[in-house]
Amino acid sequence: MPELPEVETIRRQLAPLIVGRRLGDAWAFPHPKFTPALEVPGAVVEGVERRGKYLLIGLDDDRELVVHLGMTGSLRVRPPGDAGDAYVRAWWALDDGGEALEYRDVRRFGRLVVAEGGRYAGTLAVQGPDALDRSLDAEEFWRSLRASRRAVKTQLLSQRPIAGVGNIYADEALWRARVHPARRTVTRAQAAALLDAVRDVLTESLRYGGTTLSDYRTVEGREGRNQQRLDVYGQAGLPCPRCGTELRSRTLDGRTATWCPTCQPR
Ligand SMILES: [Zn+2]
């Protein structure tokens, strides 16, 4: 958390509030994950893009401020006279300094990176195409899944075949596509169904402003509304919405997976 729909919701709300504005004085919590905030004052924001779960704030000097929200990160434009709270990890004054762009992160799993000329450090460099990028087709997705022997759900969470899917949408998409999360090989037809299901669950959640289970808030400070629409995530012990079988869960490579033993045979 947050996954693609939550980060995309933030991107859409944030872009009109900061594009064309100059980043002024900055402050950062003294940790290498947040001090890159101090490298960008003076730059003008040219755009806000997203790849997977990363926000890419494009600057007019060929650099990008890359924001990963971790578990509890959020962004907002802070009004004049509002100092934020103890969980603010960085801020940048906007234009003449009345308002500020604020990054808040209670658990500090997020981070900020400044990338130059499209050269990304760390995990962004090794992740696959964005899950909503239509240039990735089912055949290519299938080949990329076949290249690894790890469980299909673990592969989704790795961000390598496609970027943007975390635990919630992986469980939801695997259930819709009727694919068991621990399968190590999938057929061409299963891969195609899974790619469609991934895109459907992400697009639907985006329409509802994302999923709020605890901390996620939009730039406007609101909760998402997709949490009422989840079919299987976090619902072990409840009946499968499709067939009524009791949903099961287990730990798979360190993360909880929930599935229907009837609809998703091993
Ligand atoms: Zn079922």
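We count ligands from 1, going down the list as the structure has it; atoms in each ligand are counted the same way.
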Q: List in chain and number order the residues that pass side chain to side chain donor-acceptor pair (under 3.5 Å) with S135, two or more places apart in sequence or in another chain; answer none if no residue qualifies.
A: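 Partners of S135 by the side chain to side chain donor-acceptor pair (under 3.5 Å) criterion, ordered by chain and then number, come out as D133.
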Q. Salt bridge check: are R51 and E64 linked by an N-O gap of less than 4.0 Å?
A. no
(Q) Does this structure show an ion pair linking E139 with R188, if we count only N-O contacts that are shorter than 4.0 Å? (A)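 Salt bridge present between E139 and R188.
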Q) Parallel under 30°, tilted from 30 to 60°, perpendicular over 60°: which one fits the rings of W27 and W91? A)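 W27 vs W91 ring planes: parallel.
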Q. Given L94 and R78, is the side chain to side chain contact (heavy atoms under 4.5 Å, CB included) satisfied, shown in steps?
A. CA-CA 10 Å; L94 290 169; R78 184 164 94 186; over 6 Å; no
Q: Would you kindly check if the NZ (Lys) or CZ (Arg) of R242 is within the cone defined by 45 degrees around the ring axis of W175 and under 6.0 Å from the six-membered ring centre?
A: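 Cation-pi check for R242 and W175: passes.
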Q: Give every protein N, O or S atom lying under 2.8 Å from the Zn ion (ligand 1), naming each by residue and atom.
A: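 Those protein N, O or S atoms (cut-off: under 2.8 Å from the Zn ion (ligand 1)) are C240 SG, C243 SG, C260 SG, C263 SG.
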